[in-house]
Structure formats: structure tokens, C-alpha cells
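To start, the structure under review is shown below, and the notes come after it.
Remember, it's a predicted structure, so these values are computed and weren't measured experimentally. Remember, it's 1-based here, ligands and their atoms both numbered in the order they're listed.
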Amino acid sequence: MNNSIQVISKYALEGLNSQALNDTAMAAKQTLESGSGAGNDFLGWLHLPSSIDEQQLQDIERSAAILRQECEYVITIGIGGSYLGAKAIIEALSDHFAPYKTGNGPKVLFAGNNIGEDYLYDLMDLVRGHKFGIIVISKSGTTTEPAIAFRLFKEMLEKQEGKGFAQRNIVAVTDAKRGALRNLATQEGYATYVIPDNVGGRFSVLTPVGLLPIAVAGFDIRALVAGAVEMEQNGDEQVLNYAIARNALYQNGKKIEILVNFAPRLHFLAEWWKQLYGESEGKTHKGIFPASVDFTTDLHSMGQWIQDGERTIFETVLSVGDQQHEVVIPTDEADLDGLNYIAGKNVDYVNKMAELGTRLAHIDGGVPNLLITIPAVTERYLGQLIYFFEKACGVSGYMLGVNPFDQPGVEAYKKNMFALLDKPGYEEASAAIKAKLNS
Ligand code: PA5
């Protein structure tokens with residue numbers, strides 16, 4: 001078995017690769033590594049894996065052990081980059097039905113990633129009367145969604161279990177000095193972890209933002225970091241393959257990249273990837289639109305469009321080698337369902353044939369295909385995948401000619417929302433938006 005993820009561009013690049021593109025990619029990689037490009041004050045993630053030391057890991061594991069010992073539930077509060085990485089890794093590694101099973105250690109649940117009143121009500125209802133802890137994550141410390149959720153669950157926990165329990169079982173992950181959450185954590189005496197200044201939200205999964213919830217969920221953060229170190233040290237060939245292929249396709253009119261998985265446990269990895277690439281590249285009216293599908297489920301809904309719709313898409317398939325468990329299709333004497341032709345085969349064998357058949361059909365239908373092979377869904381290979389996607393994103397963004405490390409466009413909706421909510425400081429915007437609505 002290969003011990004690393006691989007990018008295979010055989011069915012993506014026919015006739016598209018050029019020396020000029022390779023040169024652009026090498027220049028972009030050089031810009032990234034030398035720290036000479038736009039957004040270079042946000043490159044802390046680049047050598048992050050190899051800089052994580054034993055003491056940091058032990059410290060995170062110690063905090064996780066306290067939460068695991070004292071709590072039935074741990075609510076991880078955060079949004080965007082302060083949410084998706086942990087969610088993606090925990091989902092990828094967990095039993096699919098963990099929420100319905102009693103298991104070892106607390107259940108890690110998520111809040112502050114939406115403003116759904118019923119969602120919050122249902123979650124509060126679930127943890128009422130149970131011992132729970134909170135990991136509240138916000139780099140700015142001022143984001144509205146997690147701030148609302150934290151206010152609700154902090155009050156509930158203090159009333160339910162008392163101030164002492166709440167203080168022991170609330171951990172804040174935020175900026176070293178700035179922001180409302182930092183001030184609140186200092187005042188309340190919570191344990192805290194720092195999100196480094198030079199690591200942006202969507203690149204922060206290998207900081208305590210991701211590592212703490214992942215450790216609380218019972219997964220091996222050392223193996224995750226070790227996998228990322230492997231890519232940091234040996235991943236450049238794969239990084240360049242991916243960055244070159246997607247830019248070649250984009251220049252050739254393929255404006256949408258669909259990240260495809262055939263493993264339900266990878267659904268949220270695609271959500272994390274969409275934020276990473278969407279927020280990094282979608283600027284100055286440029287950038288591939290990152291989309292995702294879960295196959296074979298979505299072959300029965302989106303399959304028609306992908307096979308036959310507008311030819312502006314390409315696919316990147318995440319192909320997993322080994323499954324964790326074996327399920328064999330039984331023989332049935334009567335064979336009323338006509339399935340005996342696959343009796344004795346593993347379910348995953350059928351899935352692999354579906355994957356190959358789908359790829360070939362889509363290639364025939366004019367959808368270029370990139371393949372990323374992952375030996376198995378383990379901490380180590382997920383660590384590799386995270387770092388690989390991060391570095392490829394930096395290189396790809398510079399190839400495209402954007403600053404991959406800012407996100408000016410996410411402020412526009414906030415300004416309108418605050419104006420509509422009459423937030424102090426937004427009086428002028430409030431008057432303007434109300435005039436516009438009434439005109
Ligand atoms: O990647 C980003 O920068 C964003 O998605 C942020 O992570 C997200 O908006 C949450 O911000 P914060 O961590 O400041 O609450």
C-alpha cells in the first residue's frame with residue numbers, strides 16, 4: 001500500500017499542460033515559500049506542523065482529558081474556519097452512528113455555526129440535565145453567531161452546574177490579546193489557547209482550533225500532525241500537480257470544481273475544502289467555484305447534470321483505499337432481488353466499481369477528472385490531506401493572481417445585518433439601508 005496521498009491528473013490535463021503553466025506554478029510556490037506575496041503576514045500555517053512540539057501536544061491532551069472525564073457532551077462553538085476543520089476530521093474518523101450509541105468519552109456537538117433558533121433550542125434541550133463542557137473558538141472574538149451561542153450555553157451551564165464547574169469546563173480558543181472573547185475569558189478565569197496572529201481561520205485546523213476538539217472526541221492528534229509533517233516535508237510534487245491541473249482547467253473554461261467522495265464520512269471534509277478554496281480564491285471577480293457531491297447518493301440527484309449539463313465543470317475525486325470494516329454481500333438461494341452476481345463480494349468492491357464506472361462515464365461526457373488517492377481514512381492520511389490542500393491553495397491562489405489569505409468579501413453581509421439590527425456604531429448604514437428598503 002502506498003503510504004501517501006497521490007494526485008493523478010491523467011484524465012484532466014490532455015493537451016492542456018504547458019511549460020508556461022509549470023513555470024507559473026513554480027514561481028507561485030517560490031512566492032509562497034519566500035513569503036514575498038500578497039497576504040504574507042498570514043503564512044504561519046506553512047511550517048506549522050513541524051513546529052508543533054511535545055509540550056503543546058501534551059497541554060492540549062491534558063485539557064481534552066479534563067473535558068472527557070467531566071462531561072457527557074462537549075459543545076464546540078465556532079463558525080467558518082473556527083468550526084469546519086474540527087467538524088471535518090471528527091466526522092471523518094467517527095462511527096457514522098456515534099450520536100445514537102453510547103460510547104467512550106463525551107459526544108462532541110457543534111453550535112455557533114448558524115443562527116437557527118430551533119437548532120439552538122434542540123441542542124439546549126438535549127444537554128439540559130447533563131454535564132456538558134464548552135470549547136468556544138473565535139479568532140476575532142467578536143463573531144455574532146458564536147457569541148450568541150456562547151452567551152446561551154454559558155448561562156445555561158452556570159445555572160445548571162454552578163460557576164465552579166463552568167469555569168473548569170469552558171475553554172476559550174482566541175487571539176492572544178484582542179477581542180471580546182479574550183477579555184471575557186480573562187475575567188472568568190477560563191483555560192485558553194491562542195490562535196496565532198499569522199494563521200487565518202481557514203488555515204487553522206492544526207492549531208488548538210482543530211486539535212482540541214479532535215482530541216476531546218478521542219482521536220490521535222499526534223498522528224494527524226505527523227501526517228501533516230510528512231506533506232510539509234515531501235508533498236510538493238502532489239501540491240504542484242493539483243495546483244497546475246486546476247489552473248489549467250480553469251483557463252480552459254472549467255469554472256466549477258466538484259469535489260467528489262464515495263465515502264459518507266468525507267462529507268464535511270468537502271465542506272472544509274469549499275471554505276478553504278472559496279474564501280481564498282473567489283476575489284476580484286475570479287476564482288473556481290468549489291462545489292461538492294457525495295456519491296453514489298448524489299448520482300441519483302445531481303448525476304444527470306454532471307453527465308450532461310453545461311460543460312463548465314471538472315471533478316476531483318477523493319478515492320479511499322481501505323475501509324475500516326468489512327461487510328460481505330450474502331448469497332440468497334431464491335435470488336429474488338437478482339443480486340447473486342455480486343454475492344460474496346464486499347460492499348466496498350461494489351462502491352469501487354461505481355467509482356470507476358462513474359469516472360469513466362463523466363470523462364466520456366466531457367468532465368475532466370482529477371483523482372486524489374487516500375490509502376485509508378486515518379488521522380495520518382487526513383493530516384496529509386489537510387496540509388496538501390492548504391499548500392496547494394496557497395500556490396493555486398498565487399497562480400490565479402489573488403491574495404489567497406484575506407477575505408474582504410465576507411464583510412458586506414455583516415454590515416447590512418448589523419445595520420438592520422441597529423447595532424451601535426451602524427447608525428448611518430442603518431438609515432441608508434432602511435431608506436433603500438422603503439424606496
Ligand atoms: O477563515 C476565516 O477567516 C473565517 O471563516 C473565520 O474563521 C470565521 O468568520 C470565524 O471568525 P472568528 O474565528 O473570528 O470568529
Please tabulate, for side-chain N and O atoms in residues 173-181, each donor-acceptor pair with protein atoms closer than 3.5 Å (sequence neighbours left out).
unit_1, atom_1, unit_2, atom_2, d
Thr174, OG1, Ser138, O, 2.6
Asp175, OD1, Arg178, NH2, 3.3
Asp175, OD2, Lys177, N, 2.9
Asp175, OD2, Arg178, N, 2.7
Arg178, NH2, Asp197, OD1, 3.1

* To do: Show the protein residues that qualify under the rule heavy atom under 4.0 Å from an atom of ligand 1, listing them in chain and number order.
  => Ile79, Gly80, Gly81, Ser82, Ser138, Lys139, Ser140, Thr143, Gly201, Arg202, Gln275, Glu279, Gln407
* Asked: By side chain to side chain contact (heavy atoms under 4.5 Å, CB included), which residues pair with Asp422, not counting sequence neighbours?
  -> Ser430, Lys434
* Structure fact -> Those residues at least two apart in sequence (or on a different chain) that pass side-chain hydrogen bond (donor to acceptor under 3.5 Å, both in side chains) with Lys101 are Asp95
* Is there a donor-acceptor contact under 3.5 Å linking the side chains of Arg265 and Ser94? -> no
* Asked: Looking at Tyr73, does the NZ or CZ of Lys107 lie under 6.0 angstrom from its six-membered ring centre and within 45 degrees of the ring axis?
  -> no
* Asked: Within a strict 4.5 Å, meaning less than it, do heavy atoms of the Leu385 and Ile374 side chains meet?
  -> yes
